[in-house]
Novice: 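I have a structure I would like to understand better, so I am pasting it below and will then ask my questions one at a time.
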Amino acid sequence: MSKEELIEAISSMTVLELAELVKALEEKFGVSAAAPVAMAAVAGPAGAAAAAVEEEEQTEFDVVLKAVGDNKIQVIKVVRELTNLGLREAKAVVDEAPSDVLKAVEKEVADAAKKSLEEVGATVELR
């Protein structure tokens with residue numbers, strides 16, 4: 001694993017996973033990750049920068065129907081369930097793929113919508 005791959009893997013971890021990783025590394029190498037008092041004052045601005053990056057994490061997603069697949073009717077039904085659109089409007093969304101099905105929704109809602117559409121054979125992207 002390259003240094004870049006390792007950094008990428010660490011950057012995708014949750015705070016809890018990072019805490020567990022630090023604890024495991026401390027145990028493995030017999031060291032402490034606690035910064036000395038003088039270093040803590042220097043690390044303060046860096047910690048603020050890290051918090052700012054964390055705040056910029058994407059919180060709203062668009063669910064984009066990329067391709068319909070073989071089950072067009074099933075995809076239309078799922079689009080209607082997700083959006084409360086009428087039959088004509090849902091069919092238009094499906095016919096115009098790639099098209100937005102949902103805009104600015106929470107991650108959980110976007111993931112559930114993506115799963116529902118993929119289960120009926122559609123290709124979906126979250127943005």
Novice: Using a 3.5 Å cut-off and no angle test, enumerate the donor-acceptor pairs between side-chain atoms of residues 2-12 and protein atoms at least two apart in sequence or in another chain.
Specialist:
unit_1 : atom_1 : unit_2 : atom_2 : d
Ser2   : OG     : Glu5   : N      : 3.2
Glu5   : OE1    : Ser2   : N      : 2.8
Ser11  : OG     : Ile7   : O      : 3.4
Ser11  : OG     : Glu8   : O      : 2.8
Ser12  : OG     : Ala9   : O      : 2.8

Novice: Which atom pairs, donor and acceptor, lie under 3.5 Å between side-chain atoms of residues 79-89 and protein residues at least two apart or in another chain?
Specialist:
unit_1 : atom_1 : unit_2 : atom_2 : d
Arg80  : NE     : Leu85  : O      : 3.3
Thr83  : OG1    : Val79  : O      : 2.6
Thr83  : OG1    : Leu85  : N      : 3.2
Glu89  : OE1    : Gly86  : N      : 3.2

Novice: Name each donor-acceptor pair under 3.5 Å that joins a side chain in residues 66-76 to protein atoms two or more places apart or in another chain, with its distance.
Specialist:
unit_1 : atom_1 : unit_2 : atom_2 : d
Asn71  : ND2    : Val120 : O      : 3.2
Lys72  : NZ     : Asp95  : OD1    : 2.6

Novice: Applying salt bridge (Lys or Arg N to Asp or Glu O under 4.0 Å), name anything that partners Glu125, two or more places apart in sequence or on another chain.
Specialist: Arg127
Novice: Does Val101 reach the side chain of Val64, with side-chain heavy atoms less than 4.5 Å apart?
Specialist: no
Novice: Looking only at heavy atoms, what is the nearest atom pair of Leu117 and Val78, with distance?
Specialist: CD2-CG1, 3.6 Å
Novice: Considering residues at least two apart in sequence or located in another chain, which fulfil the salt bridge (Lys or Arg N to Asp or Glu O under 4.0 Å) criterion with Glu118?
Specialist: Lys114
Novice: Considering residues at least two apart in sequence or located in another chain, which fulfil the side-chain hydrogen bond (donor to acceptor under 3.5 Å, both in side chains) criterion with Lys77?
Specialist: none
Novice: Looking at Phe61 and Glu106, what are the two nearest heavy atoms and their distance?
Specialist: CD1-C, 4.4 Å
